Structure formats: structure tokens, C-alpha cells
Enquirer: 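Next up is a structure, given as C-alpha cells.
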Amino acid sequence: MNPHGDDPSLAGTVAPLPPHVAVLVVGAGFGGLGMAIKLAEKGVHDFLVVERADEVGGTWRDNTYPGAACDVPSQLYSFSFALNPGWSRSFSPQAEIQDYLREVAQESGVLGRFRFGVSFDQGAWDEDSQRWRVRTSAGECTADVLVSAAGALSEPKMPDIDGIGSFQGAVFHSARWNHAYDLSGKRVAVIGTGASSVQIVPEIAGQVERLDVYQRTAPWVMPRRDRPYTRAELFAFRHLPGVQRLYRTAIFWARETMVPAFTINPKLAAPAKKASLANIRRGISDPDLRERVTPHFEIGCKRILISNDWYPALDRENVELVTEPIAKVTPSGVVTEDGTEREVDVLVNATGFHTTDLPIAHRISGRGGLTLARQWEREGMSAHKGAMTRGFPNLFLIVGPNTGLGHSSMVFMIESQIAYVLDALRQMRARDIASLEPTRGAQDRWTKDIQRRMERTVWHTGGCSSWYLDAQGRNVTLWPRTTFRFRALTARFDVHEHDVTAHHASRPDADRVEQPT
Ligand code: N01
């Protein structure tokens, strides 16, 4: 199927880039697609979205591993402006989300502004022209504003294990599943027991000859309260949109009540802990295995997982949970520190993503040529309102630092950020602003407030290490408050928190207005 419908510019060769656009968006997941739709809605048509893959979808296009599904309720997992009456169940499988995104893209009429198969190679801020100079695999262009919607979970992280490159069998990462490879009758090792692994393992356990699951840290796994929607519900969603809105609102607020357990007092998560421990008892009969899957950190410190079949899968005859640390990988298998080698045909790395060392940050250089990666190495990953970083004028990040969630839908945060960017663009036009960036004071205040709030969250006090934390142990990924608070704080773009350069300046620095910090 051609995912781009009948649009010839998207089916084969890539249309050349225009020399200049007002807004260049990188990435066509929920963030980039939503941004494009809203730009067009606001009458901004001079924009382009570059996407290295061949269709929209982002993480939902890339993560096609067996069992891939959303662990956030379906009703929250759509744009507020494009509800999906067609979700078949309360937690959607990956394919349904990908179909939804394709459909929204098709119906939006903005696909003509997308360039698929085009990678963003470099963006460099040019102080003289007050523009971004962008190099892509399809040529160069300039842009007044650069929006990175490249995602925080887009670059697979392979485990740093001695000898892994020498393995002679098939190797794949959960986010790059090799569907051409038939696992039937194979001996398989899965490294990792995170959100991806708990979905993969139960799905393939019945198909493979033997499955070794390498667990470094036992996760908290709650029951998955998933069910197909009834015919009456499906009818109501399609014909009475108010009903679906009501479902969505109720689920949204129910989820928000979970926030204090993460950010104020983990004891509030006692019922979740109880349900998870019961999940272990229900799924596993062997006391030794029960003990080895029981987490030794506070629930919520890492992402809380949901599954009804994870524990029964580990209890299967052909599945072994290996908790002895991995020493090395050989050409034929995995050796643990006790010297045992388990030979396998396939190595599946369900080992997560580069989250606090985003690869795209190496490709963006701001004022003075400093890359975003280098800036964040020096000062820690941060962005004012999760969107803008000082030294990088007119660069907006969708799903920027400290905008991630453990309890609800990222689509809500993404929509908040899109509205924030649109308000910034509106004000830039209205005030004839060529460029702006947050003042040092505004960005520092924002970041300090977040880090102060982090100190008492379960992500810091819960006794675990996680992908939420950077090398210094700072949580630079999650939002430590309610999502509606984030929306309120980003509802309006406050120009006064930014240093601005006016359009009419002959020498950019001459008209630069430094705001008091
Ligand atoms: O990755 P992870 P993921 N040796 O980083 C282990 C989202 N998501 O792909 O815990 C041995 O969570 C590592 O061990 P430890 C969701 O936000 C959503 O599963 O660090 N093990 C861990 O067990 C999620 O949080 C859905 O000790 C090694 C695992 O690999 C995020 O994506 C579905 C290792 C990595 O777990 C990432 O999830 C799936 C090593 N060298 C994912 N290195 C939804 O349903 C790493 N590990 C929406």
C-alpha cells in the first residue's frame, strides 16, 4: 500500500526543497504531524516537514515488534481535534495507532508539505541572516524557525556488552524488528525487561523453541485492564461524539489523580503495589521465580508496566528468566558471570532508547557554532517551558526536556507544546521579531523549579536507576507536575521572558533587546 495515498510527490522521488521556508519541522510522528496540521489551520502554509522514514507515525511506525501496543488508554491516545471512534479496545495495538495517524494525515490535506525519505543532517543558526541554515539528504534550505519533533524515543540503544559485535546469529533491537526472520523453533535471548520486553516475551514464547530472558532489574508490572469495546460503545463513539469526549475526560482526570503518588508521596501508590504483587502471585507458582521477579525499588521509580501475560510467560517450561548478570556475548550465545553459556540463534535487544543523549542534539548548532549536545553536556539538558534553549534562537523542541510522562498520554503534552509554538509565531509576526530565545534568568528559573520539585519525586527517591535520569542523576525527561499545570504554564508564549531581535535591524546585535533576568 502506498501510505501517502495518491500524492505523487510522496510515493517515489522526493520533490526538491524550496530555498527557504518560514518553518521547518523535523519528524512526522504525533509531534510533527500535529504541528503541520495546526500550522495550516492557522494559515501558515510556508512550512515543510522532513521525515527520514517513508511515512508518518514516528515511534508507532517504528515499533512493530510482536505484541506492540499502547500502555496508555486508547481514549487518550488521539489528538483532541481528531478523536478516533474506531479504537477497537481500551488499549490500542500498535497497528491501530499507526492506521489512525495515517488516516489523520491523509484527511488533514497537509501531506503535500511533507518530504519523506529525507533526513535532517544539520541545522546551524546564522546570526547574520537570523535564520537556520539546514542541510538535509535532499539538499539545503534556510528556515526562520526550526521545530524539532524528532521524538525522545526514536534512537534505539544497543547494550554495551563485551563481544556483542561478534555474535553470528540474528540480532535485532525491539524498535527495528526483523519481520523477515522467522522465530519458529529458534533459540532466542531477549535482553531487557522494560515496557517493550514485557510485550514481546509473551507474544513469542509460544512460537520459539527456547527463550532466555535476561533481567537486570525486575520491573513493577500491574494487571492490564484491557478489553474490546462493546458494540454499544463503538456505536456511541461513532454516532454520539459527546460520549467519547466524556470517556476521554473521565480517563484523563482519573490519570491525573495518580500524579501525587509520583511527585509527593509514593505511599499513595500502595494499591498499585498490592495489585502488582498479586499479579506475580497469580502468574507464577514457583516461589523462587516469584522472588526473582519481585522488584526492590519503590513502585513508580521506573515506568510502571502493565501485563496479564508477562508472569505466566516467564513461568513457561521453555522460558528461563536469567538474573545472573551478563558477562559477555560470544559468536554463539550469551555468557553470564557464573560462567554459564546459553547458546542462541537470535539476540533481541529490548534495551531502550537514547533519551538523555538525543542524537539530533549533535546536529543542531546555535549561536557561535555550539551544538545543542555540547551545550546540554555543559549545563544539563534543559529547555525553557520544555521548548526553547538559550543560545538556540528560533529553535522549538516538541517533547523537549522534562515534558515526558509516566502516567498519562504524551499527546496531551504535544498539543500543549504545539499551541505554545503557534503563539510564539503569532507574536513574532505581530511584533516584527526576527529571532528570540529565552533569557538566562527565565530558563534558569524554569529549570531550577523543575529540579527542586524533582528532589522529592519517586524518580529520585525510589531507589532505582532509569532512563529518566542523565549521567549526573538529574531527571531531565519527565514533567514533575500535573499535565493540566503544564498546559496552563505554556498556554501563552511570554515574549518578556525572551531576548528578541527585531526584523528591521541592519546589524542584528544593534537591535537586540536583552530582557532583565
Ligand atoms: O526500554 P527501557 P523499553 N544488560 O529502557 C535493560 C516507551 N514504551 O524499550 O532496568 C542488561 O524501559 C534495562 O535494564 P535496567 C515507554 O516510555 C512504551 O522497554 O536498566 N539489561 C531494561 O530492563 C518506555 O519506558 C510502550 O536494569 C540491559 C531494558 O533493558 C520506553 O518506551 C511500549 C542492558 C530497557 O528498558 C522504553 O521502553 C514500549 C544491559 N547492558 C515502550 N541495557 C507503550 O506501551 C539495558 N538493559 C506506550
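When a ligand or atom number is given, it counts from 1 through the structure's own listing order. Predicted model, so just to flag it, every value in this text is computed and none were measured.
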Enquirer: Using a strict 4.0 Å threshold on nitrogen-to-oxygen distance, state whether Glu55 and Arg102 make a salt bridge.
Expert: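 Salt bridge present between Glu55 and Arg102.
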
Enquirer: Show me the donor-acceptor pairs within less than 3.5 Å that the side chains of residues 470-477 make with the rest of the protein, sequence neighbours left out.
Expert:
residue, atom, partner, partner atom, Å
Asp470, OD1, Gln472, N, 2.9
Asp470, OD1, Gly473, N, 3.0
Asp470, OD1, Arg474, N, 2.9
Asn475, OD1, Thr477, N, 3.1
Asn475, OD1, Thr477, OG1, 3.2
Asn475, OD1, Leu478, N, 3.0
Thr477, OG1, Tyr468, O, 2.9

Enquirer: Show me, by chain and number, every protein residue that has a heavy-atom distance under 4.0 Å to ligand 1.
Expert: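 Near ligand 1, by chain and number: Trp60, Tyr65, Ala69, Cys70, Asp71, Leu153, Pro159, Ile161, Ile191, Gly192, Thr193, Gly194, Ala195, Ser196, Gln199, Arg216, Thr217, Lys302, Arg303, Ala350, Thr351, Gly352, Phe353, Trp467.
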
Enquirer: Side chains of Tyr247 and Glu233 only: does a donor on one sit below 3.5 Å from an acceptor on the other?
Expert: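 Yes, Glu233 and Tyr247 have a side-chain donor paired with an acceptor closer than 3.5 Å.
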
Enquirer: Please determine whether salt bridge (Lys or Arg N to Asp or Glu O under 4.0 Å) holds for the pair Arg187 and Asp212, giving the CA-CA distance in whole Å, both sets of side-chain angles, and the decisive distance to 0.1 Å.
Expert: CA-CA 8 Å; Arg187 299 164 303 170; Asp212 305 327; over 6 Å; no

Enquirer: Using the side-chain hydrogen bond (donor to acceptor under 3.5 Å, both in side chains) criterion, which residues pair with Glu341? Sequence neighbours excluded.
Expert: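 Partners of Glu341 by the side-chain hydrogen bond (donor to acceptor under 3.5 Å, both in side chains) criterion, ordered by chain and then number, come out as Thr330, Ser332.
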
Enquirer: Disulfide (SG to SG under 2.5 Å): which pairs involve residues 150-230, sequence neighbours left out?
Expert: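 Output for this query is empty, none listed.
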
